[in-house]
Amino acid sequence: MNVTKQYFRYVSQNIFGLIGTSCYILADTYFIAQAAGTDGVAMLNLCLPIYNFIFAFGSMIGLGSATRYAILKAQNDERAHRYFSNGLMCAILIAVPFMLVGAFCPDAVLRLMGGDAAIVALGLQYTRIFLLFTPFFMCNYIVSAFTRNDGDPSLAMVATLSGSLFNVVFDYIFIFPMGWGLPGAALATAISPVISISICSLHFRKPTNGVQFVRQRPSARLLLQSCQLGISGFVGEMSSAVTTTVFNLLLLRLAGNVAVAAYGVVANFALVATAIFNGVSQGAQPLVSQCYGKRDRAGVRKLLGLGSGTALALAAALYLVVFGFTDALVAIFNSENSALMARYAFTGMRIYFIGYLFAGFNIVSSGYLSAVNRPTEASITSISRGVVAIVACSLVLSALFGMNGVWAAFPASEAMTVVLTLFLLRGKRAAD
C-alpha cells in the first residue's frame with residue numbers, strides 16, 4: 001500500500017474515532033439541556049476545562065509515548081517496548097490528585113471555574129463522578145494511541161466509537177428512565193473509556209501485536225522523553241481549557257450566565273471541529289514517524305502536504321455547514337427557547353468558526369513537528385496558539401468590541417500563529 005492510500009486510511013478512521021470521543025460532551029450537553037435547561041448547559045461549560053485538563057495529560061503521555069515507540073520500532077530498537085508500560089503507570093500516578101479532588105472537594109473546583117451557588121449545587125455530584133474516573137480517561141488515550149501506532153487504526157476507531165455509542169445510549173437511560181439526573185450523565189460518560197479500553201485491548205492478543213508490557217518501575221526519564229513529543233497534544237487540549245476558562249470569565253462579566261450558556265453551545269460544536277483536525281494530525285502521525293525513522297524524506301514531505309491540504313478542505317466544508325445551519329445547530333441545545341441565548345450563540349458560531357480556516361493547519365503542523373522529533377518547534381507553535389495568542393487577543397478584543405471581540409479572539413489568535421508556524425516549518429528541512 002502506498003503512502004497516500006495509507007494516509008487516507010489512517011486519517012479517515014482516526015477522524016471518525018475522535019469525533020466519537022467528542023460525542024462524550026455533545027451527548028451530555030444535549031441531555032443535560034433537556035433535563036436542566038440553561039443552568040445545566042452553563043454548569044457543563046464550566047466543567048469543560050477540567051475535562052480538557054485530564055485529556056491533556058492523557059494526550060501528552062499517550063501520543064508522546066506512542067510516537068517514541070513508532071520511531072524506535074522503525075529503527076528496530078528494543079527500547080521501544082518500554083514506553084507503553086511506563087506511560088500507563090505514570091498516567092495512573094498523575095490521575096491520583098484528580099481522584100482525591102473528586103472525592104473530597106469537587107465543589108471547590110466549580111467555584112474556581114466561576115460557578116455561583118446554584119451552579120455548584122447542580123454540578124457537585126456530576127463533577128465528583130467524572131473526576132473519580134480520571135485514570136480511565138487518561139489510559140484510554142495511551143491504549144488507543146499504541147493500538148493505532150502498532151498498525152491497527154481500524155480497531156482503535158471501533159473502540160472509540162463503541163465507547164461513544166455507549167455514552168449516548170446510557171446518557172438517556174441513566175438521566176430519564178432511571179431518574180438519576182446529572183449524576184447519571186456523568187456516570188455514562190465515565191464508563192465510556194472503560195468500554196473503549198476493553199475493545200482496544202483485543203489488539204494485544206492478536207498475532208500481529210508488537211506492543212509488549214514490560215515489568216519496570218515508573219521512569220521519570222522515559223516520561224520526559226515521551227512528553228517532549230506529546231507536548232503538542234497536551235497544549236492542544238490545554239488550549240481548549242485556557243480558551244474556555246478565559247472566555248467564561250469574560251462572558252460572565254459582560255453578560256452573565258446566559259452568555260456562558262451561549263458559549264457552551266459554541267464550545268461543544270468546537271469540540272467536534274477540533275476532533276476532526278486532531279484526527280488528521282494523529283492519523284498521519286504513525287506514518288510520519290515511520291518515514292522519519294526510516295529517513296524517508298520524500299515520504300515525510302508528502303505527508304505534510306497531504307495533511308495541510310486535507311485540513312484546509314475540511315475547514316472550508318465545516319464553515320459552510322456552520323454558516324448554512326447556524327439556527328438549527330443552536331436550537332439543538334436551547335431547550336428553553338431563550339431568545340437571548342440564541343442570539344448570542346448565533347453570532348458566536350459565525351465568528352468563532354472562521355478560526356478553523358487557520359487552526360486546522362496549525363494543529364496538523366504541530367503534530368507533524370512532534371512526529372519528526374522536533375519538540376521545541378512543536379511546543380512553540382502549540383503554546384502560541386493555545387495560551388499566549390488566545391489570551392492576549394481575548395483580553396484586547398473584548399475590551400474593544402465586547403462580546404463580538406470575545407468570539408473574534410479565536411480566529412485572530414490562530415491567524416497570528418499561522419505566520420509563526422510557516423516560519424518554523426521553513427526554518428529546517430523536514431527530515432533533517
Side-chain angles (χ1 to χ4, degrees), residues 1-19 22 63 67 70 148-149 153-154 156-157 232-233 236 239 269-292 294 296-324 352-374 377-378 380-382 384-386 410-411 413-432:
M1 187 179 292
N2 63 35
V3 170
T4 302
K5 288 183 178 180
Q6 284 184 311
Y7 166 83
F8 283 109
R9 173 173 169 254
Y10 273 71
V11 166
S12 61
Q13 293 176 345
N14 205 53
I15 287 174
F16 283 119
L18 287 180
I19 288 176
S22 67
L63 295 176
T67 301
R148 189 169 57 250
N149 274 268
S154 300
M157 177 191 69
S232 63
S239 68
F269 285 114
L271 281 174
V272 179
T274 301
I276 291 171
F277 297 109
N278 281 334
V280 178
S281 176
Q282 295 176 24
Q285 174 268 312
L287 301 175
V288 174
S289 295
Q290 289 169 21
C291 289
Y292 174 79
K294 296 175 181 177
D296 179 5
R297 298 183 181 185
V300 168
R301 288 193 295 269
K302 184 174 184 178
L303 287 165
L304 176 60
L306 286 170
S308 301
T310 303
L312 182 59
L314 288 173
L318 178 69
Y319 192 74
L320 287 175
V321 171
V322 168
F323 192 87
Y352 189 96
F353 272 77
I354 295 172
Y356 283 104
L357 295 169
F358 310 106
F361 174 76
N362 290 328
I363 292 169
V364 169
S365 298
S366 180
Y368 162 83
L369 289 167
S370 291
V372 296
N373 201 17
R374 292 167 62 182
E377 292 98 321
I380 291 171
T381 298
S382 298
S384 171
R385 64 176 294 267
F410 176 66
S413 64
E414 293 292 349
M416 292 168 58
T417 304
V418 163
V419 178
L420 175 62
T421 301
L422 288 171
F423 174 78
L424 293 172
L425 287 171
R426 294 174 66 87
K428 187 176 181 182
R429 291 184 63 86
D432 286 347

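Here the structure is a predicted model, which means the values were calculated and not measured.
With contacts defined as side-chain heavy-atom distances shorter than 4.5 Å, the pair V3/L287 does not qualify. Between I354 and Y319 the shortest side-chain heavy-atom distance falls below 4.5 Å. The shortest side-chain heavy-atom distance between L318 and F353 falls under the 4.5 Å cut-off. Within the 4.5 Å cutoff, side-chain heavy atoms of L63 are placed close to those of R148. The side-chain heavy atoms of L369 and L425, taken from C-beta on, include a pair separated by under 4.5 Å. You'll find the side chain of T310 reaches within 4.5 Å of the side chain of Y7, heavy atoms only.
Of the possible polar contacts, one joining the N362 side chain to the E414 backbone as a donor-acceptor pair under 3.5 Å is found.
Listed here is the closest heavy atom pair of Y352 and F410: O-CD2, 3.1 Å. For the pair A70 and N149, the tightest heavy-atom approach, listed with the atom from each and the gap, is CB-OD1, 3.4 Å. Of all the heavy atoms in F361 and S308, the pair that sits closest is CE1-OG, 3.6 Å. Across T67 and S289, no two heavy atoms sit closer than the pair CG2-OG, 3.4 Å. In terms of heavy-atom proximity, Y292 sits nearest to V300 at N-CG2, 3.8 Å. Residues S281 and V364 share a closest heavy-atom pair of CB-CA, 4.1 Å.
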- Decide side chain to side chain contact (heavy atoms under 4.5 Å, CB included) for V372 and L304; before the verdict, give the C-alpha distance in whole Å, the side-chain angles of both, and the deciding distance to 0.1 Å. CA-CA 11 Å; V372 296; L304 176 60; over 6 Å; no
- Task: Starting from the C-alpha separation in whole Å, work towards a yes-or-no answer on side chain to side chain contact (heavy atoms under 4.5 Å, CB included) for V288 and Y368.
- Result: CA-CA 7 Å; V288 174; Y368 162 83; 4.0 Å; yes
- Message: Evaluate R385 against I363 for side chain to side chain contact (heavy atoms under 4.5 Å, CB included), listing each step before the verdict.
- Response: CA-CA 9 Å; R385 64 176 294 267; I363 292 169; 3.9 Å; yes
- I would like to know whether V321 and F269 meet side chain to side chain contact (heavy atoms under 4.5 Å, CB included); could you show each step before the answer? CA-CA 12 Å; V321 171; F269 285 114; over 6 Å; no
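Atom-to-atom distance recorded for Y10:OH and I15:CD1 is 15.0 Å, nearest 0.5 angstrom. In this structure, the separation between CG on L424 and OG on S384 is 9.0 Å, given to the nearest 0.5 Å. Taking CG from L422 and OG1 from T417, the interatomic distance works out to 11.0 Å, rounded to the nearest 0.5 Å.
Defined by atom type and a distance below 3.5 Å, a donor-acceptor pair is missing between the side-chain atoms of Q290 and D296. A donor-acceptor pair shorter than 3.5 Å cannot be found between the side chains of S370 and Q285. Counted by atom type alone, T381 and S366 present zero donor-acceptor pairs between their side chains at under 3.5 Å.
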